[in-house]
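A short write-up of the structure that comes next.
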Amino acid sequence: MAEARPLIAEARGAGAARTALLRAFLWIGVGFTLLPLAIVIVYSFSSVAYGVFPPPGFSLRWYANLWAQAAFRGAFLRSLTVGVVATAAALAAGLLCALALVRSAFRGREMLRAFLLSPIVMPKIVLGVGWFIFFARLNMQGGLVPLILAHTIIVLPFVVTILAANLVGLDPSLEEAAQDLGASPAVTLWRVVLPQIRGGLLVSGLLAFIVSFDQVESSIFLVRGENNTLPIEMFLYMEKWQDPTIAALSTLLIAFAGALVAIVALAARGTDVRRLLPR
Amino acid sequence: MRIEGRTALLLLTPALGLMAVLYVVPLAVYLVNGLHAFRDGRIVPVWTLETTRRFFADPFSYRVIWASLRLSFIVTALTLGIGYPLAYALHTRVARPGARVVTGLLLFSPLVVSVVVRTYGWLILLADRGLVNTLLRQAGLIQAPLGLLFNLTGVVVSLTHILLPFAVFPIYSVLSRLDWTLAEAARDLGADWQQVFVRITLPQSMPGVVAASLICFTLSLSAFVTPQLLGGGRVQVLPLDVYNSTVEINWPEGAVAATVLLVLSLAAVWTLGRALRLVSAA
């Protein structure tokens, strides 16, 4: 671990009161951030269906109720499939695209980059209705294919930004050396470039999966019951009922997200994740 | 390895192909509906401005646009107002790098959990007999529960929570790259901390503030889950208008509302993008 550095108290002459105040604010901020997640976990063990604080007693009945609802299990597996396939597709297309953006200069490159990033600021509901009409015209309704295609577009900009930032930091002389020694461009990409951007691939893959796993309004018109994804199943359930079944499911999802982040953090050890921040 | 023109084009093909077919075409196919008519519960595919005219003649449309803009302004102001001191405290008042990383991760941790889950958390917290109302009542501050749900208050609180990491992150990133010797020099020359903050630190960190505003404003403008679940029908914003029109099969009217939403988003991106270039150059 790096050395602790002295506090920057507006550069020296720290007011102890100001430092205490700022630190207290930081604690409150962390509390505010974690509170909604913490309360969901507490409520998942509540003994009653109605929301009251503190819960009058504790039970596991909402977990039992959740287990009895096959719809959530199916939706979870569908979200998993859509997330993994869309992430893989976006990583493949995004890597090639980021290589071209970083390693070649052509007219209109910045405009192209802006276009590729634009789905981030595009209102998802507008895209969602667009896909609904588009896939209906093609008679491609239901199933997972429209969802996978739609999610690929939604996560592609995140993959392109992170991989491009990662590629900018690479030392080109390594690739030149490989090519001088007779490696083909494909071999150079596979054996020299990819190992160096492992961190970028892992982080952008994780982000892409999380973003895909969280789509509601972009996908709500692409599902028709039989192919509901998990967030949509939860959203529709919450429009009707508000018992702690959703809290039990949310608690499992919080654990799932924590495990996912831990696995990726472990796999990305030794890579300089700070370099991935776009400047 | 440098990449030449033709190879670059080849590498761009998969991404651009996907974007053309699955992004440009669906948007176009949808938005042209705004130029069609909707009569007697059916879409009439003639080219006309009648739907657009009707939208802008209806006072309800202006209420929806105003509600969207107001929500975005309030949420952006709150996320900046809370996010800036948090980023500032994290960078200047936490000395140990390990503690900084852990606190930073805690602040960003909600991002990995679905918006639906986070909104649900606020649904429990803000309920009449939920934590917030119960604590306020026990403290003797209120007699009857405050109606915090199914109105603007609930949506604002929840959306501020959801977008807070997007404000902390860019501001922290700029603060951590700042050259603090300037502040130190000002300090040596006798400036007090308010002067140092207002005249040196804040102007230097403006790129982070503008970037944070851009993200928070556009994301609150297009927020859907939170206004739908916590607004109780009282927070009628553009994304809900688009959703409801689509449910009623009134694609033309939805397309006009969608176009307005799109134009507002792009206007915000353009304005704040220019502001970002200005403050970055300064």
Side-chain angles (χ1 to χ4, degrees), chain A residues 1-2 4-5 7-13 19 22-23 25-26 29-30 33 36-37 39-40 43 51-53 93-94 96-97 99-100 103-104 106 119 121 123-126 129-131 133-134 149 152-153 172 175 179 188 210 214 216-217 231 234-235 238 242 246 250 253-254 257 261 277, chain B residues 1-3 8 11-12 14-15 18 22-23 25-27 29-30 85-86 89-90 92-93 95-98 106-107 110 112-118 120-122 124-125 127 129-131 134 161 173 180 183-184 187 193 196-197 218 222 224-225 229 239 242-243 246 254 258 261-262 265 269:
Chain A
M1 194 182 285
R5 59 160 168 71
L7 296 181
I8 306 166
E10 289 82 37
R12 278 195 307 113
T19 298
L22 278 166
R23 281 200 177 135
F25 190 76
L26 196 55
V30 171
T33 302
L37 305 184
I39 200 84
V40 162
Y43 266 66
V52 53
F53 187 87
L96 300 181
C97 173
L99 270 170
R103 294 301 170 81
S104 68
F106 51 88
V121 294
K124 300 282 176 298
I125 183 81
V126 179
V129 185
W131 283 319
I133 295 174
F134 176 76
L149 291 173
T152 304
I153 295 296
E175 294 152 45
Q179 299 211 298
T188 312
I210 288 170
D214 192 20
V216 176
E217 63 266 35
M234 290 172 78
F235 177 82
M238 273 173 69
Q242 277 146 22
I246 289 292
S250 300
L253 284 178
I254 293 170
V261 172
L277 302 181
Chain B
M1 113 184 109
R2 293 227 47 86
I3 295 172
L11 292 176
L12 286 171
L18 283 171
L22 291 168
Y23 179 65
V25 172
L27 277 178
V29 169
Y30 174 35
L86 284 180
L90 182 61
T92 64
R93 296 307 199 278
R96 288 214 338 273
L106 288 177
L107 286 173
V112 301
V113 182
S114 166
V115 170
V116 180
V117 173
R118 285 178 271 169
Y120 177 68
W122 285 106
I124 305 174
L125 283 168
R129 295 165 68 190
L131 178 70
T134 306
H161 172 262
S173 146
W180 292 86
E184 197 155 330
R187 206 68 190 166
W193 71 270
V196 172
F197 180 75
T218 48
S222 52
F224 169 77
V225 172
L229 290 178
V242 173
Y243 177 80
T246 309
L261 177 58
L262 203 64
S265 297
V269 171

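Just so it is clear: chains get the letters A, B, ... in the order the sequence lines come, proteins before strands, and each one is counted from 1.
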Could you go through T33(A) and L106(B), starting from their C-alpha distance and side-chain angles, then the distance that decides it, and tell me whether this counts as side chain to side chain contact (heavy atoms under 4.5 Å, CB included)?
CA-CA 8 Å; T33(A) 302; L106(B) 288 177; over 6 Å; no
Which answer fits [X], side chain, backbone, both or neither, if we ask what part of it has an atom under 4.5 Å from a heavy atom of chain B?
{"X": "V261(A)", "result": "side chain"}
{"X": "F25(A)", "result": "both"}
{"X": "V52(A)", "result": "both"}

So do the side chains of R187(B) and V196(B) get within less than 4.5 Å of each other, counting heavy atoms only?
yes
Any non-hydrogen side-chain atom of R118(B) less than 4.5 Å from a side-chain atom of D214(A)?
yes
Identify which of [options] forms the greatest number of heavy-atom pairs closer than 4.5 Å to chain A.
{"options": "V242(B), V269(B), V115(B), T218(B)", "answer": "V115(B)"}
{"options": "A8(B), A127(B), G254(B)", "answer": "A8(B)"}
{"options": "V29(B), V25(B), V113(B), L107(B)", "answer": "L107(B)"}

Only pairs of heavy atoms separated by less than 4.5 Å count here; which of [options] has the most with chain B?
{"options": "W131(A), F106(A), F235(A)", "value": "F235(A)"}
{"options": "C97(A), A257(A), P119(A), A93(A)", "value": "P119(A)"}
{"options": "V40(A), L149(A), I39(A)", "value": "I39(A)"}
{"options": "V216(A), I210(A), T152(A), I246(A)", "value": "I246(A)"}

Taking side chain as everything from C-beta outward and backbone as N, CA, C, O, which of these in V225(B) sits under 4.5 Å from a heavy atom of chain A? Side chain, backbone, both or neither.
both
Interface moiety of L131(B) toward chain A, non-hydrogen atoms closer than 4.5 Å
both
Before giving the answer on side chain to side chain contact (heavy atoms under 4.5 Å, CB included), spell out for M234(A) and S250(A) the whole-Å C-alpha distance, their side-chain angles and the decisive distance to 0.1 Å.
CA-CA 9 Å; M234(A) 290 172 78; S250(A) 300; 3.7 Å; yes
For Y120(B) and L37(A), indicate whether the former's side chain and the latter's backbone hold a donor-acceptor pair under 3.5 Å.
no
Parallel, tilted or perpendicular: rings of F224(B) and Y243(B) (30°, 60°):
tilted
Derivation and outcome, side chain to side chain contact (heavy atoms under 4.5 Å, CB included), residues L125(B) and F53(A):
CA-CA 8 Å; L125(B) 283 168; F53(A) 187 87; over 6 Å; no
